[in-house]
Amino acid sequence: MYKLIVGNWKMNGLGPALAEAQAVAAGLAGSLGGSLAGSGVRIGLCPPSTLVERMVRSLAGASVLVGGQDCRAEASGAFTGDISAEMLSEAGAVLVILGHSERRSGYGETDALVAAKVEAALRAGLEPIICVGETLAEREAGRAVAVVSTQVRGSLPQVLAGRAFSVAYEPVWAIGTGLTPTTAQIEEIHAAVRAEMSAVLGASGTRAPILYGGSVKPGNAAEILSADEVGGALVGGASLKSADFLGIIAGAG
Ligand code: 13P
């Protein structure tokens, strides 16, 4: 199964940051790309919306997929400040992150809303990366598996069957904290996510990769990426610097 490693720039990046994306592309075109050749690893970057089209242009011909960080479920309308899946697609995006914990907690996004956004992404031809993950309080209450399983069941609409997508497990307490779960904890949740995906989607639920996200760095990437059912990584802070992101990608080799 191919691995997918995606950088989520969040609300970071003005024009000059495109140089980092170009450095990632250059790294992939060099010896790192050679060592990954045939491995089926796919690389993506999700900059802020303002940079999507410019990043697509500046990476023309490179093997880096560009994506958005969210989209509205509707295709157009009176939704001040929002962006539709169609708009991202027109800008050249091929991926979109949906249901990130920063959107679930900051904007009250529910599983049902995330599922509606997933349908919008598919309608526009985007490949969704659907995020799930428990808070520290939920983990400490022994509810991590239950919480994540419920999120997967509620956030993955039936129309995903047969379509390209991934699920990203991002424990909220591991995001931007430098903390990571143990390999055993990651494997426990990824196994539960896989079981739910299969229950909801049948055979296509057995194939789509399950990414891990939360304080992935060059120093822990190889171990995390080799864990059972870890089909890639969703990287925040360490994706802003090309050297760090390339170091993480090297861990997939
Ligand atoms: P960090 O890698 O900065 O912990 O962020 C993870 C994340 O939220 C990616 O979507």
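Counting starts at 1 for both ligands and their atoms, following the listed order. All heavy atoms count here, side chains included; hydrogens, waters and symmetry mates do not.
- The contact set between ligand 1 and G214, taken as ligand atoms under 4.0 Å from a residue heavy atom, comprises 4 (O), 6 (C).
- Within ligand 1, counting atoms from 1 as listed, the ones closer than 4.0 Å to a heavy atom of G237 are 1 (P), 2 (O), 3 (O).
- Only the side chain of N8 comes within 4.0 Å of ligand 1, judged by heavy-atom distances.
- The closest donor-acceptor contact from the side chain of Q151 to the backbone of G133 lies under 3.5 Å.
- Hydrophobic clustering places M87 together with V118 (ILVMFWY residues linked when any side-chain heavy atoms are closer than 4.5 Å, directly or through intermediates).
- Look at S215 and you'll find a heavy atom under 4.0 Å from some atom of ligand 1.
- Proximity to E170 (heavy-atom distance under 4.0 Å) selects the following atoms of ligand 1: 6 (C), 7 (C), 8 (O), 9 (C), 10 (O).
- No cation-pi contact links R163 to F165, judged by a cut-off of 6.0 Å to the six-membered ring centre and 45° from its axis.
- The protein heavy-atom contact nearest to atom 2 (O) of ligand 1 is G236 N, 2.8 Å.
- Comment: E127 engages R42 in a salt bridge, judged by a side-chain N to carboxylate O separation of less than 4.0 angstrom.
- Salt bridge D111/R153: absent, no basic N to carboxylate O contact under 4.0 Å.
- For ligand 1, the atoms closer than 4.0 angstrom to any heavy atom of L234 are 9 (C), 10 (O).
- Taking 4.0 Å as the cut-off, G176 counts as a neighbour of ligand 1 on heavy-atom distance.
- Between the side chains of Y169 and E134, at least one donor-acceptor pair of N or O atoms lies under 3.5 Å.
- Proximity of A174 to ligand 1, defined as any heavy-atom pair under 4.0 Å, is confined to the backbone N, CA, C and O atoms.
- The pair E109-K117 meets the salt-bridge criterion, since a charged nitrogen lies less than 4.0 angstrom from a carboxylate oxygen.
- In this structure, K217 falls outside the shell of residues with a heavy atom less than 4.0 angstrom from ligand 1.
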